[in-house]
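Both backbone and side-chain heavy atoms feed into the values below; hydrogens, waters and symmetry mates do not. Start at 1 and go down the list; that is how both ligands and their atoms are numbered.
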Amino acid sequence: MASIKYDHVWKRFGDFAALKDLTLDIADQEFLVLVGPSGCGKTTALRCLAGLEEVTDGAIMIGDRVVNDVPPKDRDIAMVFQSYALYPHMSVYDNMAFGLKLRKTPKAEIDRRVKEAAEMLHIGHLLDRKPKALSGGQRQRVALGRAIVRHPSVFLMDEPLSNLDAKLRVQTRAEISKLHQRLKTTFIYVTHDQTEAMTMGTRIAVMRDGVLQQLDTPQNLYDHPANMFVAGFIGSPSMNFFEATLVRGDGQVLVDFGPFQLPVPPSRVDAIADHIGMPIFFGIRPEDIHDSHYVPRGVDESARLMTVVNVVEPLGSEVYAYVENGGREMVARLDPRTKARTGETFEVIIDMTKMHIFDRDTERALI
Ligand code: ATP
């Protein structure tokens, strides 16, 4: 069993706390992604699990064993780093075999495992080459292969794709997901890239300043972010946020933005009833703002807003338009047929059934 538990873990470097009371349960065979901006403590969390850093307080468990005092080599963990850290003077084969040789694994077994991993990673034809004769993507596979041959019960990966170009990154991302399905072991994967997190993780832990913000499935993080930080971090372009107040008017509930007001659909009134009269942050994702000429079927059209278009970014399959009303700018992801043109007025429909409401002080999601 390679379930993992961080139990109220603190890691301090002098006065600075890089991990603050991190509690996290990771199931056996899960693909957990740790994501957050640079410096939020992702790498530190991995290094504590691998035994490369000592925790200051709290406990880390692998299975039902507390590993705080277990040396790294006895934790049955393999770690793949952003820098591949291959031995330049050794062939690919020897790079992959090295750890097993140190452990005095029989030669035939080493050979079997190296060839099996090479086949999985499609690098069988490269086994005699030295790292300098490999592309970045191939080197990354060798680094993965070196971890795979050890048959660890936990794989830790720290930004393993960040040295690859965009296309290769997408391809390797899918291969790592396949590898996880094939190896059936626990993967913990660190990235600052929310797309990587969303596409790879069975669950995602979002961190900020050493504090876990939310642990959830990709879809739940997207649909029900716990606070404004998660809401803004997950999704690209980011969710639009505005200061607003919930008010009653004309027999309905309205979101009052100052220069304009938008009606709350009856289906969502109950959820926000307790917050009427309160200042809030209103959030709406770019895909929930539509060109009034191309509104997807089923979308409630009662929240209409005249805007001026500041910028139009055509991407082929969709168009991003930055539009504003009364100094409130928002980005909308529009149907590619849109007639939105820079400098012109433009009517959008805001799908208020998809709105997010956050407490103005705590920034926690209210609905
Ligand atoms: P990145 O994506 O940039 O790698 P990260 O989320 O992985 O960031 P960490 O490397 O875990 O962040 O670092 C978290 C914080 O702890 C940072 O502010 C960093 O400067 C600090 N830190 C990490 N290692 C040490 C150390 N050995 N001594 C002092 N501070 C450290």
* **Short side-chain donor-acceptor distance under 3.5 Å, Thr191 and Asp193** => no
* Asked: Does NZ or CZ of Arg364 come closer than 6.0 Å to the centre of the six-membered ring of Phe358, within 45° of the ring's axis?
  -> no
* Asked: Mind checking whether Met200 and His180 have side chains closer than 4.5 Å, heavy atoms only?
  -> no
* Closest non-hydrogen atom pair, Ile349 against Ser292 -> CG1-CA, 3.7 Å
Considering only N or O atoms, set out every pair between ligand 1 and the protein closer than 3.5 Å, with distances to one decimal place.
{"unit_1": "ligand 1", "atom_1": "2 (O)", "unit_2": "Lys42", "atom_2": "NZ", "d": "2.9"}
{"unit_1": "ligand 1", "atom_1": "3 (O)", "unit_2": "Ser38", "atom_2": "OG", "d": "2.5"}
{"unit_1": "ligand 1", "atom_1": "6 (O)", "unit_2": "Gly39", "atom_2": "N", "d": "3.4"}
{"unit_1": "ligand 1", "atom_1": "6 (O)", "unit_2": "Cys40", "atom_2": "N", "d": "3.0"}
{"unit_1": "ligand 1", "atom_1": "6 (O)", "unit_2": "Gly41", "atom_2": "N", "d": "3.0"}
{"unit_1": "ligand 1", "atom_1": "6 (O)", "unit_2": "Lys42", "atom_2": "N", "d": "3.1"}
{"unit_1": "ligand 1", "atom_1": "6 (O)", "unit_2": "Lys42", "atom_2": "NZ", "d": "3.0"}
{"unit_1": "ligand 1", "atom_1": "7 (O)", "unit_2": "Thr43", "atom_2": "N", "d": "2.9"}
{"unit_1": "ligand 1", "atom_1": "7 (O)", "unit_2": "Thr43", "atom_2": "OG1", "d": "2.6"}
{"unit_1": "ligand 1", "atom_1": "8 (O)", "unit_2": "Gly39", "atom_2": "N", "d": "2.7"}
{"unit_1": "ligand 1", "atom_1": "11 (O)", "unit_2": "Thr43", "atom_2": "N", "d": "3.4"}
{"unit_1": "ligand 1", "atom_1": "11 (O)", "unit_2": "Thr44", "atom_2": "N", "d": "2.9"}
{"unit_1": "ligand 1", "atom_1": "11 (O)", "unit_2": "Thr44", "atom_2": "OG1", "d": "2.5"}
{"unit_1": "ligand 1", "atom_1": "12 (O)", "unit_2": "Gly41", "atom_2": "N", "d": "3.4"}

* Asked: Honestly, is Arg285 close enough over Tyr222, meaning NZ or CZ under 6.0 Å from the six-membered ring centre and within 45° of the axis?
  -> yes
* Asked: Would you find a donor on one side and an acceptor on the other, under 3.5 Å apart, between the side chain of Asn68 and the backbone of Gly58?
  -> yes
